[in-house]
Structure formats: structure tokens, C-alpha cells
Amino acid sequence: MRIIIGLILCLIYSIQSNAQKINVTLVVTKENKETVLNVTAQVLNVNDSSILFSKILKQNTSFVLNANDNYLVRITAIGITPIFKKIKPGTTDTTFTFLASSITKNLDAVIIKSTKTLVKQEDDKTIVDAEVIANSSSNAYEVLEKTPGLILDQDGNVYLNGSTPAIIYVNGREVKLSPQDLTTLLKSLPANSISKLEILRSPSAKYDAASSGGIVNIVLKKGIKLGTNGSVDASYFQGVYATKTIGISINKSDNKLNSYFTYNLTNRESLFSLTSNRFNTQTNVLFKQDAYTKFKATTNYASGGLDYKVNEKWNINYDVRFTANNSSNNVTNDIDIFKLNTNLLLGKNVSLVNNI
């Protein structure tokens with residue numbers, strides 16, 4: 001039995017050894033007859049699809065296959081539709097040509113998203129992108145309140161370094177307004193009118209020496225101007241006497257010329273009273289003092305100025321300020337001296353002082 005099996009195997013081996021070998025060339029072309037190179041070609045067993053050969057097709061790349069046997073050919077490459085076909089070589093060297101179809105795909109709309117940097121440093125100044133903060137603010141004053149590194153007090157002053165308020169610039173020019181008037185102006189501007197904020201904590205020598213507290217330059221968007229704006233404020237305080245104030249402020253901003261005018265009138269009356277009792281235990285004497293001081297003051301303050309921008313480096317400024325004070329005080333000081341055990345008035349001192 002073993003001899004028979006051995007004879008059968010030898011016969012099968014002999015048949016396979018005598019199978020004719022031929023060269024098979026695979027060529028891939030486009031519709032314009034141009035040959036496609038550098039594609040991956042695989043020759044597979046037709047029965048179980050196992051890979052027999054795999055090559056990158058170059059010029060004249062060929063496979064040695066058995067004549068009259070069936071094979072599967074798979075060709076793949078980037079940009080073409082995969083090819084999967086059955087071939088059967090003849091008894092002579094054969095070339096098989098395959099037509100490649102390009103893969104075409106229409107892309108949907110391409111959306112490129114980019115996030116702006118909120119804070120960046122340039123030379124001696126910090127630049128804050130106000131457009132990011134403006135999305136959650138209702139006016140320009142709120143933009144300043146939400147800017148990192150800026151501290152605003154209840155009077156409208158902006159602080160950067162220590163206890164000295166920063167000077168406010170708009171488009172590179174100093175705003176000659178009081179903190180209260182500047183606050184009113186910023187609250188009237190929409191939040192999206194500010195493009196960026198430039199923060200200078202240590203201004204260079206080209207700026208005024210008074211800017212030791214730093215500078216905040218508010219850069220408005222192109223086409224937005226402050227124009228002409230003004231404010232009127234008045235206040236009244238009532239104690240024993242009344243204190244009254246009234247003020248007006250006007251500011252006009254143009255491309256090259258800025259002008260401003262401010263006037264404040266304050267009429268203040270106040271009363272200071274002192275009552276004290278001092279007792280001397282050795283002499284059993286009481287010193288009773290009643291002192292009253294009445295203050296009255298009228299203050300007039302006016303300021304105005306012009307700022308002309310010659311070019312990017314030169315500005316011409318003219319500033320004038322006027323203050324007039326008229327004050328007076330009346331002092332009444334009564335001192336009574338009593339003997340406690342007899343309630344006897346030992347002495348009386350009255351002082352009247354009138355300063356005009």
C-alpha cells in the first residue's frame with residue numbers, strides 16, 4: 001500500500017514539474033493610454049484567494065506563472081479604483097493590460113476655524129484683543145472692567161501700577177477728561193466699537209512724566225469717532241448746612257484736532273462742633289467747653305485745551321486751567337468754669353474768630 005501511495009505522489013510531482021512556466025506582464029493604463037506605474041499588483045490563488053506573488057509595477061515588471069492556469073489579479077493604488085480580475089495565461093509570454101479609473105470625490109464646504117489670542121506682548125506694551133471681551137459686554141466701559149490687569153475704582157480711575165491712576169488715551173491721544181466724564185463717555189460707546197487695548201505699564205521717555213501710573217490706549221475700530229460729547233452733573237448734600245455742586249464738560253474729537261472744556265462750581269457750607277467736659281479732682285472744678293466752627297467756601301474751576309496732531313510723531317497741545325476760591329470760617333468758643341460742690345460759676349471765656 002505504501003508503495004502505491006508513493007508512486008501516486010511521484011506521478012503528481014512529475015506532472016507539476018513538467019508544467020510550462022511563462023512570463024506574464026501586467027500593465028495598468030489610464031483612459032489616455034498613459035501607463036500607471038508604482039501600483040501594487042498581487043497574483044492570488046483562484047481557489048482560496050491566497051497571495052502567490054506581490055510586486056510594485058515598474059517598467060517591464062513580470063511574473064513567472066504556469067501556462068493554462070487560472071489566477072486572480074488584484075491591483076491597488078492611491079487615486080484609482082481597485083482592480084480585481086481573473087486571468088488565464090496561454091502557452092507563450094503574455095501581457096495583460098488593465099484600464100484604471102480615477103477616484104473622484106467632491107468635497108463639501110471647507111470651514112477653517114481660528115481662535116484669536118486674547119493677550120499678546122509687543123515691545124513695551126501688552127495688547128488685549130477687545131473683540132473677544134466685547135461679546136459679553138454691553139458698552140466700552142464694561143470692556144475695560146473685564147480686561148485682565150486693569151483695576152477700576154468707583155470714581156472711574158484705572159490702575160495698573162500701585163496707587164497712581166493710569167492715563168487714558170484714545171487712538172494714541174490723551175483724553176483731557178475727568179474720570180467721571182470719561183466713564184460717562186465710555187458707557188455711551190458700544191462694546192464692539194473698541195478694536196484693541198494697548199497697556200503700557202512702564203511708558204518710555206517720549207510720554208509725559210505724569211504717566212508714571214501707566215497708560216491705557218483705547219484703539220477704536222476704523223471709521224468710529226468720538227465726535228462731540230458732553231455731560232452735565234449736579235449734586236446736593238444736606239446736613240446742618242447744604243453743599244451744592246454743578247459741572248459741565250464738553251469734548252470734541254476730530255481726525256487731527258481735539259478740544260475740551262470743563263467748568264465746575266462748588267458751594268460748600270459745613271459746621272464743626274466740639275463739646276467737652278474736663279474735671280480737676282484736686283480743686284473739684286469743672287471746665288465746660290462748647291465750640292462751633294462754621295466753614296463756607298465757593299470754588300470755581302475751569303479748564304480747556306486744544307490738541308492738534310501734526311503727524312504720527314508730533315502733537316501740539318495747549319492747556320489752560322483756572323481756579324478761584326472764596327472761603328471763610330466763623331469760630332465761637334465758650335468755656336465755663338464751675339465749682340462742683342456749690343455749682344458756682346467761677347469764670348467764663350468767650351472767643352469769637354471770623355476769618356474772611
Side-chain angles (χ1 to χ4, degrees), residues 4-123 126-136 192 194-196 219 221-224:
I4 296 174
I5 294 173
L7 291 173
I8 293 173
L9 292 174
C10 289
L11 179 61
I12 293 174
Y13 179 76
S14 177
I15 293 172
Q16 291 179 346
S17 299
N18 293 331
Q20 184 180 357
K21 302 292 184 179
I22 62 170
N23 292 321
V24 174
T25 303
L26 304 180
V27 178
V28 180
T29 64
K30 294 182 179 179
E31 294 180 355
N32 59 1
K33 306 302 181 183
E34 179 184 355
T35 302
V36 181
L37 302 177
N38 300 317
V39 299
T40 301
Q42 296 174 331
V43 179
L44 292 74
N45 190 313
V46 74
N47 295 320
D48 57 7
S49 298
S50 60
I51 299 175
L52 301 176
F53 306 99
S54 180
K55 292 184 179 182
I56 303 296
L57 295 187
K58 306 289 184 181
Q59 290 286 358
N60 302 320
T61 302
S62 62
F63 297 85
V64 178
L65 303 178
N66 294 329
N68 296 319
D69 281 358
N70 292 319
Y71 297 95
L72 291 174
V73 175
R74 180 165 58 199
I75 298 174
T76 56
I78 297 175
I80 67 170
T81 303
I83 299 172
F84 194 72
K85 287 191 178 182
K86 183 178 180 181
I87 63 171
K88 183 178 181 180
T91 56
T92 60
D93 293 347
T94 308
T95 299
F96 291 95
T97 302
F98 302 94
L99 180 62
S101 300
S102 299
I103 298 176
T104 58
K105 184 177 181 181
N106 295 328
L107 295 177
D108 295 332
V110 177
I111 300 176
I112 301 175
K113 293 184 177 180
S114 177
T115 303
K116 284 187 176 181
T117 303
L118 176 61
V119 180
K120 62 181 180 179
Q121 188 71 31
E122 286 188 6
D123 299 330
T126 302
I127 298 179
V128 179
D129 183 9
E131 294 183 5
V132 179
I133 306 176
N135 295 330
S136 59
N192 58 6
I194 300 180
S195 173
K196 61 182 179 180
V219 181
K221 288 183 178 179
K222 203 168 185 180
I224 296 179

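Note that the coordinates shown come from a computational prediction; the quantities given were computed from them, not determined experimentally. In this chain, numbering begins with 1 at the start of the sequence shown.
Here the shortest heavy-atom pairing between Leu72 and Phe84 reads CD1-CZ, 3.9 Å. The minimum heavy-atom distance between Ile56 and Asn38, with the atom names listed, is CG2-CA, 3.7 Å. Contact between Pro89 and Tyr71 at its shortest, heavy atoms only, is CD-CD1, 3.9 Å. The two residues Gly90 and Ala67 make their nearest non-hydrogen contact at O-CB, 3.1 Å. Between Lys30 and Val36, the closest heavy-atom pair is CG-CG2, 3.5 Å. Nearest heavy atom pair, residue Val27 against residue Thr35, reads CG1-CG2, 4.2 Å.
When side chains are defined from C-beta on, Lys21 counts as touching Asn66, because their heavy atoms get closer than 4.5 Å. Taking 4.5 Å as the limit, some side-chain heavy atom of Thr91 sits within range of a side-chain heavy atom of Asn68. For the pair Val128/Leu118, a side-chain contact is recorded, criterion being any heavy-atom separation below 4.5 Å from C-beta on. In this structure, Thr76 and Gln42 have side chains that are not in contact, with every pair of non-hydrogen atoms separated by 4.5 Å or more.
Here the straight-line distance linking atom OG1 of Thr40 with atom CD1 of Ile75 works out to 10.0 Å at 0.5 Å rounding. The distance from the CG atom of Leu37 to the OG1 atom of Thr29 is 11.0 Å, given to the nearest 0.5 Å. Taking CG of Asp129 as the reference point, atom OG of Ser195 lies at 7.0 Å (rounded to 0.5 Å). Going from atom CG of Asn60 over to atom CG of Leu57 covers 11.0 Å, rounded to the nearest 0.5 Å. Asn23 contributes atom CG, which lies 11.0 Å from atom CZ of Phe63 (distance to the nearest 0.5 angstrom).
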Inset, instruction - Check the pair Val64 / Ile22 against side-chain contact (heavy atoms from CB on, under 4.5 Å), numbers first and verdict last. - result: CA-CA 6 Å; Val64 178; Ile22 62 170; over 6 Å; no

Inset, instruction - Decide side-chain contact (heavy atoms from CB on, under 4.5 Å) for Val24 and Asp93; before the verdict, give the C-alpha distance in whole Å, the side-chain angles of both, and the deciding distance to 0.1 Å. - result: CA-CA 6 Å; Val24 174; Asp93 293 347; over 6 Å; no

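For Glu31, the CD atom is loosely surrounded, since the number of other residues' heavy atoms within 6.0 Å does not exceed 12. Within 6.0 Å of NZ in Lys55 there are more than 12 heavy atoms belonging to other residues, nucleotides or ligands. By the neighbour-count criterion of 12 heavy atoms within 6.0 Å, atom NZ of Lys221 is densely surrounded, having more than that number from other residues, nucleotides or ligands.
Judged purely by atom type and a 3.5 angstrom limit, Asn45 has no side-chain atom pairing as donor or acceptor with the backbone of Ser50. In terms of modelled atom types and a separation under 3.5 Å, the side chain of Ser49 and the main chain of Asn47 share no donor-acceptor contact.
Each of Thr25, Ile87, Val73 was checked for a side chain to side chain contact (heavy atoms under 4.5 Å, CB included) with Phe96, and the lone residue meeting it is Ile87.
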